[in-house]
Amino acid sequence: MTTYFSEPQSMYYRFGEDQDQVLKVLAERYIGANAQADFVYRVFQKSGILQNEKGLYDLNLSKRFPDAPKDHISYAAALVWGDEDRNLDVLVRCYGPVRFYFNEQMIYRSTVMDEISPDATVKLSIDIKPGWNSIWLEMKNTPAGFGCQFGSDEGKVRILNVYAPFQERQGQAGWVFSQPNPATSKQPDLLGKESDVSLNWLPETGWSDEDKTKPAFERIFGNLAGKHAYAWTHLNNNDSTGNAVRLSGQSSGSLSIWISGKPVAQVKEAGPFEVDVPASFGRSDLLVRSECNDTAGPWHFNLNATVSGKPLSLELPQRVHGANGESWLYVGPFESEVEPDLADLTRTDRVYQTGLEQTYWRLDRPDAWIRPYYENAMLSNKWTVGSVTNYGRWDYPLGVTVYGLLRTGRYLQRPDITRYAAEHVQACTQMYEYSLWDREQYGFPAVNQQLVMLKMLDNCGSFGSAMLEAYSECHEPTFLPIAERIADFMLSRLERQEDGAFYRTCVGEYAENTMWADDLYMSTPFLVRYARVTGNSAALDEAARQFSLYRKYLFMPEFKIMSHVYDFKYGQATQIPWGRGNGWTLFSLTEVLEALPTEHPERPALIDFFNELCEGYAALQGESGLWHQVLNVPQTYEEASCTAMFAYGFARGVRFGWFKDPEVYVTAAERAWKGLICKAIDRQGSVHGVCSGSRYAFTAEYYDQDLRTVTNDNHGIGIMMLAGTEVAKMKKHLAEHRVSSPAVSHS
């Protein structure tokens with residue numbers, strides 16, 4: 001029997017059968033461990049190294065230095081932060097000879113075959129340590145090519161954020177790379193000063209001598225007569241007397257000024273200006289609209305703020321790492337007839353239509369933009385780790401977590417919990433338009449990677465379903481357009497077999513030409529909610545149809561359970577009933593059955609299928625109440641997430657009356673929940689015994705030996721909350737049913 005902690009550490013030992021208390025601790029532990037931290041904004045120079053559509057950083061130096069002499073060497077350097085020990089697979093694709101050093105140890109030296117084969121990709125494993133880790137690439141120019149592509153394997157899931165080395169670039173995102181050199185150089189101290197290194201590093205962070213003579217608007221945008229742009233800062237008014245703030249300065253054209261969204265000054269002509277304006281104590285948004293007038297000299301304005309002759313400070317309105325010394329953000333230039341919504345101009349989750357193009361906020365530096373990043377480790381100005389959080393990330397395990405929080409908050413009548421869950425979703429969706437623009441500009445998005453790079457059900461179905469579940473909580477306007485895009489992907493563009501069954505093409509990858517039981521969860525709950533919110537009954541019909549199709553490929557009649565995967569390359573199912581894959585199946589089937597009208601033609605067959613599966617699962621439940629990682633192999637370890645999903649499915653079957661004989665499933669659900677609170681959930685609300693994300697295999701050994709459990713894995717936290725709420729609802733249903741109809745069996 002699997003043991004993750006001693007009995008006194010269990011949730012059951014602390015709270016017994018108090019279901020509400022268990023759910024409260026689970027939800028509050030998760031929220032406490034995942035603070036509502038915003039995206040991290042950093043300086044990023046578009047003239048630096050960009051990523052390709054697969055997330056690999058493209059260091060094609062032949063394009064950067066077309067006249068570089070043969071055998072000259074360039075270097076690229078970056079820092080990677082580790083908040084804990086972790087392993088990461090990285091890919092290298094060579095254009096020419098490459099050496100890769102990680103933490104000053106050579107990890108890889110290219111071979112001639114790596115260098116001359118256009119499709120050669122080398123996968124390497126690196127161990128990231130807590131603190132700063134260094135990447136150093138040495139690339140030699142040859143007639144075959146110059147440079148390489150470098151990045152993490154499966155970049156939209158295993159994100160590799162790189163930071164600029166050297167103190168002068170502290171906090172900035174991206175690589176530095178050197179001009180080609182005739183001689184080899186040793187790796188310098190990447191946390192030291194750039195000025196101490198003899199190499200000439202790019203991209204340049206400062207303006208050229210010629211540009212320094214120009215005012216900010218002129219060097220950022222050029223001299224564009226008739227166009228206009230905006231500058232945004234925070235005014236820090238530390239005067240408590242209530243005296244007016246005096247704004248003074250000079251402008252090359254008309255100027256409009258707003259404080260906290262209210263117009264306070266209008267300068268109609270070029271020249272000096274001075275105006276007294278009201279301003280609240282503390283920080284206020286100060287927004288300036290400047291129009292370019294080519295007859296008044298270079299495009300510029302300058303502005304000073306004082307109270308009673310004392311200067312007030314201006315600072316960036318959004319914290320931007322790497323922007324030390326800057327106080328203004330700039331956006332533009334806009335065509336003369338284009339006026340952005342003023343309310344949108346003091347926020348960073350918007351892109352702005354300038355005419356035929358879109359743009360975003362930038363700094364008074366060469367080609368320097370502010371860029372939001374999703375970062376597990378939030379870094380401070382001192383380059384030290386702050387907090388670790390899942391908040392604001394779009395991925396499928398977090399979709400289950402958000403759903404669990406929503407259901408738990410409603411069950412406990414805790415609007416603070418449901419609000420937290422809804423705001424997690426909003427943090428993603430409100431940045432959606434920006435993330436599409438980010439991909440267009442930089443090759444690969446820095447936020448919402450999975451949603452933007454929409455290529456498979458994992459990327460959209462689970463979190464999309466949670467998004468629609470959260471819609472009733474907040475009616476966020478960004479939800480439905482995203483739901484439409486996901487629905488179009490599933491219903492119109494997703495890969496299908498000839499009979500219409502969803503499957504994965506994944507050309508050239510390990511999962512090529514396969515069907516996964518997991519994908520019933522990755523698709524059908526979203527389709528159910530999409531049908532509910534939009535009234536599109538075709539989406540519900542598709543959800544029901546997929547279950548009938550998947551049964552044909554994956555059902556194992558001798559056990560009445562599901563194989564994890566069908567591999568079309570070999571024309572057969574793997575015949576390995578992975579626990580969580582089966583859990584996804586039952587979980588999702590209950591979602592479809594709850595939504596299907598009683599007269600729906602697929603409903604009778606799906607009710608029968610539900611009873612078949614539950615019969616098979618109930619027969620394989622272990623003595624502890626938990627199920628095994630491979631359901632029909634009792635030598636494999638007991639696994640918590642599938643147990644929670646079976647408890648969830650059984651409890652819903654009892655409550656909705658889908659069972660022909662419900663008594664056995666009442667007992668099984670109660671045993672499963674008790675097993676979880678005794679053996680998988682400790683008294684602090686941490687969840688144990690949840691296996692990590694899976695690939696697939698034709699042997700049970702892979703699932704048992706290679707897929708080990710992870711404490712507080714996101715695949716398990718939400719489903720524990722969902723199981724707890726459903727078992728509690730089942731008990732309440734039975735109690736009410738027995739009181740009102742003592743002679744009627746539970747149905």
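Note that the structure is predicted; figures quoted are calculated from it, not measured.
- Here Asp488 does not pair with Arg485 in a salt bridge; the nearest charged N to carboxylate O distance is not below 4.0 Å.
- Heavy-atom contacts from other residues, nucleotides or ligands closer than 6.0 Å to CD of Glu53 number 12 or fewer.
- Inspection of the Thr111 and Asp114 side chains reveals an N or O donor paired with an N or O acceptor under 3.5 Å.
- For Trp361 and Thr348, the side-chain atoms include no donor-acceptor pair closer than 3.5 Å.
- Under the 4.0 Å criterion applied to side-chain N and carboxylate O atoms, Arg371 and Asp438 are assigned as salt-bridge partners.
- A ring pair (Phe, Tyr, Trp, His ring centres under 6.0 Å) with Trp132 is found for exactly one of Phe166, Phe102, Tyr163, namely Tyr163.
- We find the CG-OG distance between Asn161 and Ser152 to be 9.0 Å, quoted to the nearest 0.5 Å.
- Environment of CZ in Arg109: sparse, with no more than 12 heavy atoms of neighbouring residues, nucleotides or ligands closer than 6.0 Å.
- At least one side-chain heavy atom of Val176 sits under 4.5 Å from a side-chain heavy atom of Pro165.
- Proximity of Val92 to Leu56: side-chain heavy atoms (C-beta onward) are nowhere separated by under 4.5 Å.
- With hydrogens and angles left out, the side-chain atoms of Trp516 and Thr514 include a donor and acceptor closer than 3.5 Å.
- Arg93 places a side-chain heavy atom less than 4.5 Å from the side chain of Asp119.
- Here Leu436 contributes atom CG and Gln441 contributes atom CD; the two are 12.0 Å apart, rounded to the nearest 0.5 Å.
- Between atom CD of residue Glu194 and atom CG of residue Leu199 there is a gap of 10.0 Å, rounded to the nearest 0.5 Å.
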What's the verdict on side-chain contact (heavy atoms from CB on, under 4.5 Å) for Asn141 and Phe65, showing C-alpha distance, side-chain angles and the deciding distance?
CA-CA 10 Å; Asn141 185 26; Phe65 308 113; over 6 Å; no
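- Closest approach of Leu190 to Ala78, counting heavy atoms only: CD1-O, 4.1 Å.
- Atom OH of Tyr374 and atom CD1 of Ile159 lie 7.0 Å apart (nearest 0.5 Å).
- Remark: Lys227 NZ is packed, more than 12 non-hydrogen atoms of other residues, nucleotides or ligands lying under 6.0 Å away.
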Decide side-chain contact (heavy atoms from CB on, under 4.5 Å) for Ile135 and Phe100; before the verdict, give the C-alpha distance in whole Å, the side-chain angles of both, and the deciding distance to 0.1 Å.
CA-CA 7 Å; Ile135 297 176; Phe100 163 42; 3.9 Å; yes
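- Classified by interplanar angle (parallel below 30°, tilted 30° to 60°, perpendicular above 60°), the ring pair Trp299/Phe221 is tilted.
- For the 3.5 Å distance criterion, the side chains of Glu476 and Thr478 qualify, holding a donor opposite an acceptor.
- Screening Ser110, Pro180, Pro97 for a side chain to side chain contact (heavy atoms under 4.5 Å, CB included) involving Lys140 leaves a single residue, Pro97.
- If you look at Tyr41 and Phe39, their ring centroids are not closer than 6.0 Å.
- When every heavy atom of Leu329 is checked against every heavy atom of Pro317, the shortest pair comes out as CD1-CG, 3.9 Å.
- Pairing each heavy atom of Asp127 with each of Asn103, the nearest pair is O-ND2, 4.5 Å.
- A donor-acceptor pair is defined here as one N or O able to donate and one able to accept, closer than 3.5 Å; such a pair exists between the side chain of Asn181 and the backbone of Gln179.
- Judged purely by atom type and a 3.5 angstrom limit, Asn448 has no side-chain atom pairing as donor or acceptor with the backbone of Ser435.
- Side-chain contact annotation: Tyr396 with Asp518, donor-acceptor N/O pair under 3.5 Å absent.
- Outside the 6.0 Å centre-distance limit, the rings of Phe44 and Tyr373 are not counted as a close aromatic pair.
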Check step by step if side-chain contact (heavy atoms from CB on, under 4.5 Å) holds for Lys54 and Asp153.
CA-CA 9 Å; Lys54 294 185 178 296; Asp153 189 20; over 6 Å; no
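- At least one side-chain heavy atom of Ile73 sits less than 4.5 Å from a side-chain heavy atom of Glu138.
- Tyr230 has its ring centre less than 6.0 Å from the ring centre of Phe334.
- Inspection of the Glu168 and Thr205 side chains reveals no N or O donor paired with an N or O acceptor under 3.5 Å.
- The nearest pair of heavy atoms linking Tyr521 to Val400 is OH-CG2, 3.1 Å.
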Begin with the C-alpha distance, continue with both residues' side-chain angles, and end with the deciding distance and a verdict on side-chain contact (heavy atoms from CB on, under 4.5 Å) for Leu457 and Tyr503.
CA-CA 9 Å; Leu457 288 169; Tyr503 81 116; over 6 Å; no
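- Residues Trp232 and Thr346 meet the side-chain proximity criterion, which asks for heavy atoms closer than 4.5 Å.
- Salt bridge annotation for Glu326-Arg365: present, with a cationic side-chain nitrogen under 4.0 angstrom from a carboxylate oxygen.
- Between Tyr391 and His424, the ring center distance clears the sub-6.0 Å criterion.
- Side-chain contact check for Trp207 and Asp364: at least one donor-acceptor pair (N or O, by modelled atom type) lies under 3.5 Å.
- A donor-acceptor pair under 3.5 Å links the side-chain atoms of Gln449 to the main chain of Ala446, judged by distance alone.
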What do the steps show when you test Tyr570 against Asn513 for side chain to side chain donor-acceptor pair (under 3.5 Å), and what is the final call?
CA-CA 10 Å; Tyr570 303 105; Asn513 208 10; over 6 Å; no
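- Taking the side chain as every heavy atom from C-beta outward, Asp519 and Phe502 never approach each other to under 4.5 Å.
- Scanning all heavy atoms of the two residues, the minimum distance from Met467 to Thr429 falls at SD-CG2, 3.8 Å.
- Among all heavy-atom pairs drawn from Ser178 and Ser74, the shortest one is O-OG, 3.0 Å.
- Remark: side-chain polar atoms of Asn60 are paired, donor with acceptor, to backbone N or O of Ser62 under 3.5 angstrom.
- Using modelled atom types, no side-chain atom of Asn133 and backbone atom of Leu79 make a donor-acceptor pair closer than 3.5 Å.
- In this structure, Lys569 NZ and Glu512 CD are separated by 6.0 Å, a value rounded to the nearest 0.5 Å.
- Judged purely by atom type and a 3.5 angstrom limit, Arg42 uses its side chain to pair as donor or acceptor with the backbone of Gly171.
- Judged purely by atom type and a 3.5 angstrom limit, Thr213 uses its side chain to pair as donor or acceptor with the backbone of Glu210.
- Ion pairing of Asp341 with Arg347 is absent here, as no side-chain N (NZ or NE/NH1/NH2) approaches a carboxylate O to less than 4.0 Å.
- Asp211 is not listed as a side-chain neighbour of Glu218, based on a closest heavy-atom distance of 4.5 Å or more.
- Looking only at distances, no side-chain donor or acceptor of Thr142 sits under 3.5 Å from a matching main-chain atom of Gly96.
- A donor-acceptor pair under 3.5 Å is formed between the side chain of Gln167 and the backbone N or O of Leu191.
- Here the CZ-CD distance, from Arg350 to Gln358, works out to 12.0 Å after rounding to the nearest 0.5 Å.
- Under the 4.5 Å side-chain criterion, counting only non-hydrogen atoms from C-beta, Arg99 is not in contact with Trp136.
- Judged by distance alone, with hydrogens and angles left aside, the side-chain atoms of Gln450 form no donor-acceptor pair with the main-chain N or O of Leu454 at under 3.5 Å.
- In summary, Glu509 and Lys455 do not engage in a salt bridge, as defined by a charged side-chain N under 4.0 Å from a carboxylate O.
- A side-chain donor from one of Asn390 and Asn34 sits under 3.5 Å from a side-chain acceptor of the other.
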